[in-house]
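Okay, structure first, notes after.
The analysis underlying the following values was restricted to heavy atoms, covering all of them including side chains, and did not include hydrogens, waters or symmetry mates. Quick note on labels: first sequence line is chain A, next is B, and so on, each numbered from 1.
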Number of protein chains: 2
Amino acid sequence: MKADTPRIEEYLESIYKLQQDEHPVTTSRLAEHLKLSAPSVSEMVKKLAQKKLVNHTEKGVCLTQEGNRIAKKVIRRHRLSERLLTDILGFRWDEVHDEACRLEHAISPEMEKHIEESLGNPKTCPHGFPIPDENGVIAKEKLRPLSELKASDKGIIVSVFEEDPKMLQYLATLGLIPEVCVRVEEVAPFGGPLIVCVSGSRYALGREVASKIKVK
Amino acid sequence: MKADTPRIEEYLESIYKLQQDEHPVTTSRLAEHLKLSAPSVSEMVKKLAQKKLVNHTEKGVCLTQEGNRIAKKVIRRHRLSERLLTDILGFRWDEVHDEACRLEHAISPEMEKHIEESLGNPKTCPHGFPIPDENGVIAKEKLRPLSELKASDKGIIVSVFEEDPKMLQYLATLGLIPEVCVRVEEVAPFGGPLIVCVSGSRYALGREVASKIKVK
DNA sequence: ATATAGAGTTAGGTACACCTAATAAACGGA
DNA sequence: TCCGTTTATTAGGTGTACCTAACTCTATAT
Ligand SMILES: [Mn+2]
Ligand SMILES: [Mn+2]
Ligand SMILES: [Mn+2]
Ligand SMILES: [Mn+2]
């Protein structure tokens, strides 16, 4: 019942993602994430507010119920696309983001269903994020960032919140991918790196990137 | 080396398809095929001519070398998409056209390669049309329209040039799909229907649709 | 207190791809 | 030959989504 353009979908998707961390979603963060100029985003956010898809206050942009509903549909198509690309077409997990970011706007509800069934109803994307079901319901788990573990704590990697292909490829070579068990050997003081142990090997890992890895 | 928009791709694709039959590609035929107003097409064709993608003469619109090259790339992505949809995602042949028509603009060269390999280098789309290789080379076969066969002539269906889902579904129920052997029992006079025999059953088939079925 | 940096918006403009209404040209009968 | 239909174009206009330049705040830093 909505005539949303690919661009509107893209904005809502970005806002949804930026909402995941604690920081408020400012127009400048949005502009940076979408690689657009600040005025372009300012203007578009105004339109989204008119369409009642977001609320724009001093504290930043946030999705309305309806905006959230649409965002989750886009995310669903994005994550199903990623799974199609990795599981069936043989892409690596670091190659799928941009591809999926275009596919997600070209996929009909029928294709969504077909992908889901052909893949055997996957629960997550290749980076470990839950795929919303057709009603937009997302499985939530209580997770901790790897960066918050103490020395000798163990955890199983659930998700890796990172879009940069280079970094994803690097993490894959270390074996830091979902489902893998990781143990923190040592935490350097003053915000220094963590020494982690994964499948027998020991690596130093920056706090920044460790905070993007969620474990359970 | 070209910054083509999805719309330009779509026009070139349509022109290519309309060139397949003998009639000249007029702007009105194009408008009808693209479901756009005549002036819109007139204007866009002018732009395509400026970009040296088509020549526009009294005899109609025709693709330049470069226009042809791009058109074949789009067709390649379209047909590979269709194969992905039918062979892997379980779509029927009558459901894939519109879906593929959107996907073809969202597929990178890498994805193209991945699809091709995952499908085992298919030679044709589900409707029997050849998939251009990565250099734009298309396998050409000498084919006859089913409508030109005489009584008691036999042939193997190679392709079905039809986009209407209803008609495709109907033809599938009759078993009139690529690879199938068909025999003409009788040809009604005055442009009337053909009586064809396919896998043991006999059907009457209009000239119009029979001319879209190519056999070898 | 004043200067400066940062964040956000307004103003003004462009490219793209569509539309309807009006006009022109060509064609095929009667 | 004239007339009406088909075919194509011109003219004028819209909505979407982007841009740069200029302006307005506000929150520091000196
Ligand atoms: Mn996206
Ligand atoms: Mn993902
Ligand atoms: Mn198309
Ligand atoms: Mn086809």
If you measure from the Lys or Arg side-chain nitrogens to the Asp or Glu carboxylate oxygens, is any gap between A/Arg76 and A/Glu116 under 4.0 Å?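 A salt bridge is present here (some side-chain N lies under 4.0 Å from a carboxylate O).
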Is any side-chain N of the basic residue among A/Glu43 and A/Lys47 closer than 4.0 Å to the acidic one's carboxylate O?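 Looking at A/Glu43 and A/Lys47, the cut-off is not met.
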Could you state the atom-to-atom distance from [atom1] of [X] to [atom2] of [N] in whole Å?
| X | N | atom1 | atom2 | value |
| --- | --- | --- | --- | --- |
| B/Met44 | C/dA15 | CE | C1' | 12 Å |
| B/His105 | C/dA17 | NE2 | C1' | 14 Å |
| B/Glu58 | D/dT9 | CD | P | 11 Å |
| A/Glu43 | D/dG15 | CD | P | 14 Å |
| B/Lys46 | D/dT7 | NZ | P | 20 Å |
| A/Lys51 | D/dA17 | NZ | C1' | 12 Å |

Partner set under side chain to side chain donor-acceptor pair (under 3.5 Å) for B/Asp87, not counting sequence neighbours: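 Checked B/Asp87 against side chain to side chain donor-acceptor pair (under 3.5 Å); matches are B/Arg83.
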Nearest to the side chain of B/Ser42, which nucleotide is it out of D/dT9, D/dT10, C/dC18?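 From the listed options, D/dT9 comes nearest.
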Selected nucleotide, minimal atom distance to B/Ala38 side chain, candidates D/dT9, D/dC18, C/dA11: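 Given the options D/dT9, D/dC18, C/dA11, the side chain of B/Ala38 is closest to D/dT9.
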So, OP1 or OP2 of [N]: does either fall under 4.0 Å of a side-chain N or O from [X]?
| X | N | answer |
| --- | --- | --- |
| A/His56 | C/dG8 | no |
| B/Ser40 | C/dA17 | no |
| B/Arg7 | C/dC16 | no |
| A/Lys47 | D/dG15 | no |

Going by heavy atoms closer than 4.0 Å, what residues in residues 9-37 of chain A are next to DNA chain C?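 Per residue number, the list reads A/Thr26, A/Thr27, A/Ser28.
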A/Leu194, A/Leu174, A/Ile195 screened by side chain to side chain contact (heavy atoms under 4.5 Å, CB included) with A/Tyr203, the one that passes: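 Testing A/Tyr203 for a side chain to side chain contact (heavy atoms under 4.5 Å, CB included) against A/Leu194, A/Leu174, A/Ile195 leaves exactly one candidate, A/Leu174.
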Under the criterion side chain to side chain contact (heavy atoms under 4.5 Å, CB included), I'd like the reasoning laid out for B/Ile177 against B/Val160: C-alpha separation, chi angles, the key distance, then a yes or no. CA-CA 7 Å; B/Ile177 56 176; B/Val160 178; 6.0 Å; no
Would you say the side-chain atoms of A/His78 and A/Glu82 include a donor-acceptor pair closer than 3.5 Å?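 A pair is found: one side chain offers a donor N or O, the other an acceptor, under 3.5 Å apart.
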Residues B/Glu66 and B/Thr64: side-chain donor-acceptor under 3.5 angstrom: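 No, no side-chain donor-acceptor pair sits under 3.5 Å.
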